[in-house]
Protein chains: 2
Amino acid sequence: MNLKELSDVLGLSPTTVSRALNGYPEVNAETRRRVIEAAATYGYVPNSMAKRLATGRAMAIGHVVPLNEHDMINPIFADFIAGAGEVYSKAGYNMLLSIVPETAEEESYRAMVAANSVDGVVVHGPRKDDHRIPLLRQLGMPFIVHGRTQSSEEYSWLDINNRRSFSRATKYLLELGHRRIALLNGLDAMQFARRRRLGYQDALTQAGITQDPDLIFSADMTEPYGYHTTKALLTGPNPPTALLSSSLIVALGISRAISECGLTMGRDVSVITHDDATSFLPNYGQVPLFTSTTSSVRAAGGRLAELFIDLIEHRIDGPVTELWETEMVLGTSTGPAPRPQP
Amino acid sequence: MNLKELSDVLGLSPTTVSRALNGYPEVNAETRRRVIEAAATYGYVPNSMAKRLATGRAMAIGHVVPLNEHDMINPIFADFIAGAGEVYSKAGYNMLLSIVPETAEEESYRAMVAANSVDGVVVHGPRKDDHRIPLLRQLGMPFIVHGRTQSSEEYSWLDINNRRSFSRATKYLLELGHRRIALLNGLDAMQFARRRRLGYQDALTQAGITQDPDLIFSADMTEPYGYHTTKALLTGPNPPTALLSSSLIVALGISRAISECGLTMGRDVSVITHDDATSFLPNYGQVPLFTSTTSSVRAAGGRLAELFIDLIEHRIDGPVTELWETEMVLGTSTGPAPRPQP
DNA sequence: CGATCCAACCAAAGCGGTTTGAATGTAAGC
DNA sequence: GCTTACATTCAAACCGCTTTGGTTGGATCG
């Protein structure tokens with residue numbers, strides 16, 4: 001059933017039917033009622049492609065997800081997408097996902113713009129001076145960034161306060177008496193990782209502690225990364241008494257290594273991890289397992305989608321930015337630094 | 001730059017330009033060359049919405065991802081999507097992701113069909129008698145299922161041989177001398193979980209072992225699920241000597257519980273897990289940590305996408321089905337059953 | 001040499017909506 | 001009683017592409 005047929009059935013012109021359905025004021029209330037009723041009974045839904053062509057609005061938001069150099073897709077992404085996706089659905093938008101190797105990314109953006117297939121794109125995993133930002137600006141495509149670049153250009157973004165978050169976590173460990181604190185970070189090219197490192201370093205510097213570069217690690221955030229790194233640290237000379245992790249997945253590896261070394265997490269070795277509060281890796285228990293800096297990446301996805309739709313529909317005008325503080329949750333993985341062995 | 005403008009520049013009609021670009025034969029070779037060249041220099045890309053409207057092909061595949069009752073999104077999904085997404089990109093298709101609560105699912109399919117916004121949909125997480133299958137058939141929307149329902153209707157699907165896979169894993173444990181084997185499964189409503197349970201039961205029955213229903217668990221596959229279940233089992237009366245897990249995430253929880261009980265995995269307690277070979281949870285090491293039944297969910301996503309596109313473009317005609325065997329990988333998590341305590 | 005064929009190109013009609021610019025009929029104003 | 005204003009409705013243009021059904025002019029054929 002298309003508009004023409006529906007209007008024939010009703011004995012009205014397509015114009016009036018279209019207006020009735022789209023809530024234009026110049027339609028008689030009774031007529032509108034009839035139209036809406038008829039549309040419901042006949043199951044009329046406007047053809048999305050025709051509508052898009054006519055309005056020039058794609059009613060779709062693009063997410064270009066680059067596969068990293070190791071071809072890994074971050075599972076955190078699933079939760080982010082879920083949060084954003086729910087909002088899109090409610091607002092009548094589609095989510096257009098494009099998964100491409102890093103090298104084909106720019107091409108992917110250009111194609112989306114030229115073909116007019118989206119109303120805007122979400123930039124994931126921003127880098128230091130992300131080339132995508134000038135590119136999108138030049139192409140005139142609305143965008144919003146999850147996270148921030150290093151430069152000070154103006155654009156819309158939503159991010160968590162990674163620096164303060166990790167500075168606070170580090171300070172907490174320092175207060176517990178820890179002096180050798182390892183950082184198991186994500187890849188330093190990712191800005192969130194860089195900011196976390198800075199936060200960690202801020203706290204150490206403030207406490208007047210000389211940093212040991214051998215305690216800072218940077219890699220894809222996998223369980224084995226946490227495990228092997230921790231194993232090496234704990235069995236090596238001068239092991240740390242505390243570890244700071246960028247992801248719950250890494251923290252699980254850390255935990256495994258600790259217990260395999262015959263040590264107890266929270267007593268012999270303290271661990272704080274960032275927790276994205278994903279549904280598949282809940283950090284729960286009577287008392288949560290891990291002390292963590294927590295922020296729901298799913299909530300972030302939802303909020304970012306909201307902001308973006310508001311921007312696109314000109315209900316607000318940008319650039320709009322939102323910086324979320326994380327919540328520090330105390331779990332069983334932290335405790336006072338053990339006394340130096342006599 | 002649109003088709004009209006391009007054709008004006010070239011002094012040709014839109015018809016000829018369109019045909020030249022789409023590879024129709026009735027165009028002079030030299031003319032075609034000129035057209036293609038001009039398109040490249042002016043950066044002409046056909047407006048996707050106009051093209052879609054005109055051809056009636058959405059050039060998009062829909063994935064309706066239902067959030068489960070606990071509002072959880074399976075991270076495995078990220079890898080599946082990545083696999084499918086790469087194939088879509090190469091074939092010029094878009095992926096349209098719709099994330100909706102289970103209750104709104106049917107509505108979501110109907111909307112996609114009525115609005116003509118996709119050329120087909122992928123059905124995720126099939127249930128016993130999945131109502132989506134008759135629905136899609138009735139709506140005349142092409143579809144393919146990742147997994148299988150319980151009924152014997154004909155439709156296209158791609159699945160792994162969950163039953164044989166778990167039967168084999170169980171047999172292996174039996175050969176090692178284990179008699180009390182716990183199964184930490186996914187939700188039984190999911191068909192993959194049900195089939196794994198059947199495989200497990202097949203093997204026990206064949207070995208003439210009376211099943212203990214208290215050893216079968218069914219829940220969302222999270223780390224704490226593995227941990228708490230295992231903890232309770234090991235500290236309870238008559239603990240199992242081996243555990244079979246449906247997911248690497250659950251297995252990590254199992255492993256944590258085991259070491260927390262002062263036991264050693266692979267010696268005191270054996271563990272086999274299914275491994276979807278996701279990039280964020282690699283099961284590696286000199287020897288892999290876990291003995292596992294392995295099958296790349298990402299490869300499955302890619303292959304399913306290929307098959308589906310072939311179906312949609314009528315290069316093959318359905319129903320087409322593909323059943324993959326899993327690979328059994330030996331890791332450090334299994335060993336002979338410990339001798340009963342004297 | 002007129003008829004036939006073919007290669008190459010084009011005008012115009014969709015695809016299914018939205019939107020502009022009028023037309024119509026009736027109530028209000030003088 | 002004749003405008004004027006307003007509330008409704010509609011015809012037709014348009015969005016940018018594909019595709020149907022020609023048209024044109026030169027080569028081939030009998």
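Computed from a prediction, not measured in an experiment: that's the story for all the values here. Chain identifiers are assigned alphabetically (A, B, ...) following the order of the sequence lines, protein sequences preceding nucleic acid strands; residue numbering begins at 1 within each chain.
Side-chain atoms of B/Val121 and B/Leu136, non-hydrogen and from C-beta on, do get closer than 4.5 Å to each other. A/Pro142 places none of its side-chain heavy atoms less than 4.5 Å from the side chain of A/Asp119. A 4.5 Å side-chain heavy-atom check between B/Tyr109 and B/Arg132 finds at least one atom pair inside the cut-off. For the pair A/Leu158 and A/Val320, the minimum side-chain heavy-atom distance is 4.5 Å or more. Counting heavy atoms from C-beta outward, B/Tyr44 and B/Leu3 have side chains that approach closer than 4.5 Å.
Using a 4.0 Å cutoff to heavy atoms of chain A, the contacted part of DNA chain D runs 5' to 3' from D/dT8 to D/dG16.
Between the CG atom of A/Leu21 and the P atom of C/dG16 there is a distance of 17 Å, rounded to whole Å. Atoms CE (A/Met59) and P (C/dG17) sit 16 Å apart, rounded to a whole Å. Whole-Å rounding puts the B/Arg57 CZ to C/dG16 C1' distance at 18 Å. Summarising the geometry, the separation between CG on A/Leu3 and P on C/dG16 is reported as 11 Å, rounded to the nearest angstrom.
With the nearest nucleotide of DNA chain C identified for both A/Ala54 and B/Thr16, B/Thr16 has the one nearer the 5' end. The residue among A/Asn2 and B/Gly11 whose nearest nucleotide of DNA chain C lies closer to the 5′ end is B/Gly11.
Between B/Glu26 and B/Arg19, at least one side-chain nitrogen of the basic residue sits less than 4.0 Å from a carboxylate oxygen of the acidic one, meeting the salt-bridge criterion. Taking a cutoff of 4.0 Å between a charged side-chain nitrogen and a carboxylate oxygen, A/Arg110 and A/Glu106 qualify as a salt bridge.
Note on A/Asn22: a side-chain N or O is less than 4.0 Å away from OP1 or OP2 of C/dT18. Side-chain nitrogen and oxygen atoms of A/Tyr24 include none within less than 4.0 Å of the OP1 or OP2 phosphate oxygen of C/dT18.
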- At under 4.0 Å between heavy atoms, which parts of nucleotides 22-27 of chain C does protein reach? Answer with one letter per nucleotide, 5' to 3': B base, S sugar-phosphate only, - none. ------
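Distance CH2/B/Trp324 to CD1/B/Ile160: 9.5 Å, rounded to 0.5 Å. Rounding to the nearest 0.5 Å places CG of A/Leu10 at 9.5 Å from OG1 of A/Thr31.
Between A/His124 and A/His146, the ring-plane angle classifies as perpendicular under the 30° and 60° cut-offs. Ring geometry for A/Phe77 against A/His63 counts as perpendicular: the plane angle is over 60°, on a 0 to 90° scale with 30° as the lower cut.
In this structure, a donor-acceptor pair under 3.5 Å is absent between the side chains of B/Thr321 and B/Tyr155.
Of the residues in residues 36-53 of chain B, those with a non-hydrogen atom less than 4.0 angstrom from any atom of DNA chain C are B/Leu53.
Within the structure, the salt bridge (Lys or Arg N to Asp or Glu O under 4.0 Å) test picks out the following pairs touching residues 36-47 of chain A (sequence neighbours left out): A/Arg33-A/Glu37. Legend: salt bridge (Lys or Arg N to Asp or Glu O under 4.0 Å) pairs involving residues 144-154 of chain B, not counting sequence neighbours, sorted by first then second residue: B/Arg148-B/Asp159.
Taking the screw axis at each terminus of the helix from C/dC1-D/dG30 to C/dC30-D/dG1 from five consecutive base pairs, the angle between the two is 60° to within rounding of 10 degrees.
Contacts of A/Thr55 with the nucleic acid, taken as non-hydrogen atoms under 4.0 Å apart, involve only primed sugar atoms and P, OP1 or OP2.
With hydrogens and angles left out, the side chain of B/Thr31 and the base of C/dA8 share no donor-acceptor pair within 3.5 Å.
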